[in-house]
2 protein chains.
Amino acid sequence: MAAKGNGGQGKRSQRIESAAQAGKKPGGEPSLSLERIVATAVELLDAEGIDGLKMRRLADRLGAGVMSLYWHVANKEEVFDLALDAVFAYRAPPQRIEPEDWRRDVVHMLEDWRAIMLRHPWSASLLPRRALGANVLGRLETMSEVLSRAGVADADMNVAIWSLWNYVLGATVTRASFALSHADQAAGQKRLSALSERYPTIERTRLLLDSDWDGTFRKGLDVLLDGLPRG
Amino acid sequence: MAAKGNGGQGKRSQRIESAAQAGKKPGGEPSLSLERIVATAVELLDAEGIDGLKMRRLADRLGAGVMSLYWHVANKEEVFDLALDAVFAYRAPPQRIEPEDWRRDVVHMLEDWRAIMLRHPWSASLLPRRALGANVLGRLETMSEVLSRAGVADADMNVAIWSLWNYVLGATVTRASFALSHADQAAGQKRLSALSERYPTIERTRLLLDSDWDGTFRKGLDVLLDGLPRG
DNA sequence: ACCTGAACACCGTTCAAGT
DNA sequence: ACCTGAACACCGTTCAAGT
């Protein structure tokens, strides 16, 4: 259903070892490449959001014709897939060998994950649809390893992983879109006071005004980690 | 930014008490109405998914011209907003007065919430973007009341509510899209075995094959509820 | 008050070529 | 191997009318 995972190279796999991997024009211009396309797509998504990524716009930024993209990429879907996974590449190796402090590792990994998604707000809403990129799977693998070393039995592993995943994803998706839709706080306030008599408890606890997202995230995460079944 | 909340009636609020609320043609045809539009939009979304909702298609189903929709509705965004909130209307009053068994109430409410989103998979991905519909707010209010009666202090309420919200939303979004993208299990299996040596822990725990979604959801939820700070 | 068709601006992608 | 312009099918919405 999704585009075949053939690396996105060539039109219907007519990639037959290629004559020469010239790569660059003599003129000096970098020419088009998958890497440039993906990097520029991420830029565009960061700048304009998920609806701002248009093939024509992407080509413009790359100084190419629209249809040039289609040699490197099967369709727009594939651009999304590649941009998403690109964002989840590791920077520093998370392999700190302090086997005793697993909890610090887990929190660090999840906060890094969340930070990435907040830096690229489009990624949170894209992630659940295409969670099988190499970097995303790599992060799930590392996470599993850490939990395993921390004493989580294989039988409990999936509940642990999915609970954490669900929580982080939900928190980020919600935060990213609240930050957006409440950009104009004026309208938000008006809405809220009009609501106060219909939703007294929400009004009392200021549910929709509490913007300590980081603190709230961390506290809920602690609850989840406290409850992790470990041998 | 979002469409003004004027009930979606009339073009730029030229709703001036209206001459007569005729409503029906003498011919018998129900004619167009906001309710019919929203109900049909939900049908269409259920049948064709989020990308299947096109204004022309919606009009077709209603036996009307496309542009007729725009008298009742400002734009496509508003159709999404209304369809989303419509789906979260209450059926049975959840006001069971058993103050001692708050936990059963909470679990029931959250499973009902999740069931709705799984019945209308498009709703999960739409929800975070427009969480301020009346029915959604009503559910958050009821939830807060139950937790409050259960002994959760106001100071802890937002962490509790958001943790549960994040978890339910993340779980549903993930499940809905996995169910979709793995519709063809054949491709999924192939992908997985190709991956087995690179992601041994994932392979060992069968993370991506474990399809006991309901059990996993419930267990993670129990962890969260166990950890709820109550006076 | 309510509905409509024609038309516009825009977008992803196919095709048949170019070098 | 790599890039391109013209053209097609499609979609949300504006506009100027109809009743």
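Proteins come first, then strands; the chains are lettered A, B, ... in the order of their sequence lines, and each starts at number 1.
Look at dC2(D): its Watson-Crick or wobble partner, with both distances under 3.5 angstrom, is dG18(C). Nucleotide dA7(D) forms a Watson-Crick or G-U wobble pair with dT13(C), both donor-acceptor distances falling under 3.5 Å.
Of all nucleotides listed (dA1(C), dT4(D), dG12(D)), dT4(D) comes nearest to the side chain of Ser68(A). Comparing dG12(D), dC3(D), dC3(C) by their nearest atom to the side chain of Met55(B) picks out dG12(D). Of the candidate nucleotides dA1(C), dT13(C), dA1(D), dA1(D) has the atom nearest to the side chain of Trp71(A).
Rounding to whole angstrom units, NZ of residue Lys76(A) and P of dC10(C) are separated by 15 Å. Rounded to whole Å, atom P of dA1(D) lies 21 Å from atom OH of Tyr70(A). For the pair Phe80(A) CZ and dG12(C) C1', the computed distance is 12 Å after rounding to whole Å. Atom NZ of Lys54(B) is separated from atom P of dT13(D) by 14 Å (rounded to the nearest Å). Distance Ile50(B) CD1 to dG12(D) P: 13 Å, rounded to the nearest Å. Remark: P of dC11(D) and CD of Glu77(B) are 18 Å apart, rounded to the nearest angstrom. Across the protein-nucleic acid pair, Asp51(B) atom CG and dG12(D) atom C1' stand 14 Å apart, rounded to whole Å. Between the CG atom of Leu58(A) and the C1' atom of dT13(C) there is a distance of 15 Å, given to the nearest Å.
The distance from the OG1 atom of Thr172(B) to the NE2 atom of His120(B) is 12.5 Å, given to the nearest 0.5 Å.
Among the protein residues, Leu53(A) comes within range of the sugar-phosphate backbone only, with heavy atoms under 4.0 Å from sugar or phosphate atoms but none that close to a base. Residue Met67(B) is in base contact, counting any heavy-atom pair closer than 4.0 Å across all strands shown.
For Arg198(B), the CZ atom is loosely surrounded, since the number of other residues' heavy atoms within 6.0 Å does not exceed 12.
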Thr174(A) and Trp165(B): CA distance, side-chain angles, deciding distance, side chain to side chain donor-acceptor pair (under 3.5 Å) verdict
CA-CA 9 Å; Thr174(A) 299; Trp165(B) 165 281; 2.8 Å; yes
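Two residues, Leu69(A) and Arg56(A), neighbour DNA chain D, and the one matched to the more 5' nucleotide by heavy-atom proximity is Leu69(A).
Nucleotides dC2(C) and dA17(D), compared at atom P, are 22 Å apart to the nearest Å. With C1' as the reference atom, dC3(C) and dA16(D) are 13 Å apart, rounded to whole Å.
Note on His72(A): every side-chain N or O is 4.0 Å or more away from OP1 and OP2 of dA1(D).
Using a 3.5 Å distance cut-off with no hydrogens or angles, the side chains of Thr142(A) and Tyr90(A) do pair a donor with an acceptor.
Between the side chain of Glu141(A) and the main chain of Thr201(B), a donor-acceptor pair closer than 3.5 Å is present.
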